[in-house]
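Just so we're on the same page: letters track the sequence lines, and every chain starts at 1.
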Protein chains: 2
Amino acid sequence: MLTGQRKTLILDILRRDGQVIAKKIADDFGLSEDTIRRDLREMAAERLLKRVHGGALPLAPELPDFSTRRGVAPDVKRQLGAFVAKMVQPGRTVFLDGGTTTAEIARHLPRNFAFTVVTHSPTIAGELEHHPTADVILIGGKLYKHSMVATGAAAMAAISLVRPDIFFLGVTAIHPVHGLSTGDFEEAAIKRHIAQCSAETYVMVTQEKLDAASPCHILPITAVSGMVVPPDITEASLAPYRSAQVPIFTVSD
Amino acid sequence: MLTGQRKTLILDILRRDGQVIAKKIADDFGLSEDTIRRDLREMAAERLLKRVHGGALPLAPELPDFSTRRGVAPDVKRQLGAFVAKMVQPGRTVFLDGGTTTAEIARHLPRNFAFTVVTHSPTIAGELEHHPTADVILIGGKLYKHSMVATGAAAMAAISLVRPDIFFLGVTAIHPVHGLSTGDFEEAAIKRHIAQCSAETYVMVTQEKLDAASPCHILPITAVSGMVVPPDITEASLAPYRSAQVPIFTVSD
DNA sequence: CATATTCGTGCAAATCCATGCATGATGCAT
DNA sequence: ATGCATCATGCATGGATTTGCACGAATATG
């Protein structure tokens, strides 16, 4: 196994589990702990993770979690959510992906008419607890705790049974060459499947997605009907998608 | 378990419960109290919390959140949850019903070994977001917002596919003559079905259930393996169940 | 004031880590 | 082809960290 490949896998595990245990990784990879420790030492020097006794942790695990818990959504995200929520029309069925951006959509959904929301995220379902008119369909499955969405065969099967009009898709990163991507293979498969079952798919874009690190698991951008972007985004970042003829909707008030 | 990870979890619990009890944390994590005390000492030095005799408190307790939590989960319910959570053993599969009492179970589940939690409540699933070792299976379906559980044919079908070892059942009322009951017909059907799929079913009882108004939709008490009651409950209230030979477990420390 | 927890310190055992060195594979120049 | 340098890897050793236990002191509770 190549060193670089190993480091990539270690970062994947770190993102997935929120921690890396040297002994366990060494066992999983069939290598000595020394090798893993050397990797961790180098990766700590590259500011990719923080070494601790017994393994390693992400550099700043608390920050995103903390802001999520506090419900502190940046203004841009809130603005985006409010704009996108207006796209929902009476009687329609919308599929809300998991994530903080789509949570903002849930918070801004119209309350003066009825529609149906489908989601595989218990967090999103919780946001809609007090919504007066929305019917909520919860997709079940094995819970992937990192992003709090149901996954696996059960989720795939349940998704197959709905035909949403609109799917509001959240992604981890958007890359000029590789396009849309997310951090987990299973999650990507689910997102692709939801997009296939939905009549239309819109991607929520924020600047941080464009600044994100290298992509991992790809979602074909051909599957999307459009991208929704905040007004402050740079035109240069969007050029690849304009050339790919993806409709782009800019948030306005 | 990594030290950093443990500290993060302690902070999570602190934010969630508004307090940390050293003895309880040590028990949940399967570590000695000394280790937890050392953690608390270090975290106090880092200005992450305030140490007090018996555990720790947040630096700036958030009054509304704290009082809300206290109102929702009185000490009796918390005690009941902690007691019942200890019934979970390594590798087992438990089904957690929706409701505030079962939420207390979720909050007190052991954190030092692996097991599986099945639930049809997104709220319960949310409680387990930061649990380090529990696999969570989410049952999907049409969301019944009043009690925040998935219902309907989809939920019934999904439940049929699991065989939990223990089902922790929450009810709305317990009546001397009519037995267990809940406020919604559909909900009752779901509960009955979960009980049928589970090897054992335990009912969580609090005084308010016994004081509740007339029952509505009946769950046969023959389906339960036992009732778990707090110590302050009156013996007279339990008489009908004693005569029905339902095993009764009284909460103790 | 009496009793039961809880706390802090010291100590021993277990675990984990850093360093140095040996081995084998690979690449490159001769 | 041969020799040398470089690199990745595993092993051994001594040191550092963590953890649990014991015991006396401190604190809460009635």
Practice task
Map R6(A) and T3(B) onto DNA chain D by nearest heavy atom, then report which one ends up closer to the 5' terminus.
Solution key: R6(A)
Practice task
With DNA chain C as reference, determine whether V52(A) or K23(B) sits nearer its 5' end, using the nearest nucleotide of each.
Solution key: K23(B)
Practice task
Report, as yes or no, whether the 6.0 Å neighbourhood of atom NZ on K7(A) holds more than 12 heavy atoms from other residues, nucleotides or ligands.
Solution key: yes
Handout entry: Pair R15(B) + D12(B), salt bridge at N-O below 4.0 Å
Key = yes
Handout entry: Any R41(A) side-chain nitrogen or oxygen under 4.0 Å from OP1 or OP2 of dA18(C)
Key = yes
Exercise for the section: Please report, rounded to the nearest Å, how far the C1' atom of dT18(D) is from the CZ atom of F29(B). Expected result: 16 Å
Exercise for the section: Whole angstrom is fine here: how far is it from CD1 in I25(A) over to P in dC17(C)? Expected result: 13 Å
Fill in the blank from the handout: Closest to the 5' end of DNA chain C, once E33(A) and H53(B) are matched to their nearest nucleotides, is H53(B)
Handout entry: Rounded interatomic separation in angstrom, taking CD1 from I21(B) and P from dA28(D)
Key = 15 Å
Problem - Output field: ring centroids F249(B)/Y202(B) closer than 6.0 Å - result: yes
Practice task
In whole angstrom, give the distance that lies between atom CG of D39(B) and atom P of dT19(D).
Solution key: 7 Å
Problem - Name of the residue among L31(B), D28(B), I25(B) meeting side-chain contact (heavy atoms from CB on, under 4.5 Å) with R111(B) - result: D28(B)
Fill in the blank from the handout: On DNA chain D, more 5' by nearest nucleotide between D34(B) and E42(B) is E42(B)
Completion exercise
Of dT9(C), dC17(C), dT9(D), the nucleotide closest to the side chain of L31(A) is dT9(D)
Fill in the blank from the handout: With the side chain defined as heavy atoms from C-beta on, R38(A) is closest, among dG20(C), dG20(D), dT15(C), to dG20(C)
Handout entry: Aromatic contact, H120(B) with F95(B) (centres under 6.0 Å)
Key = yes
Practice task
Check the distance between dA22(D)'s P and R37(B)'s CZ and give it to me in whole angstrom.
Solution key: 14 Å
Completion exercise
Taken to the nearest whole Å, CD1/I36(B) to C1'/dC7(C) is 15 Å
Exercise for the section: Would you please confirm or rule out a distance under 4.0 Å between OP1 or OP2 of dT27(D) and any side-chain N or O of R51(B)? Expected result: no
Exercise for the section: Return no unless some side-chain N or O of T35(A) is found under 4.0 Å from OP1 or OP2 of dG10(D). Expected result: yes
Handout entry: Length of the CG-P vector between D27(A) and dG10(D), whole Å
Key = 12 Å
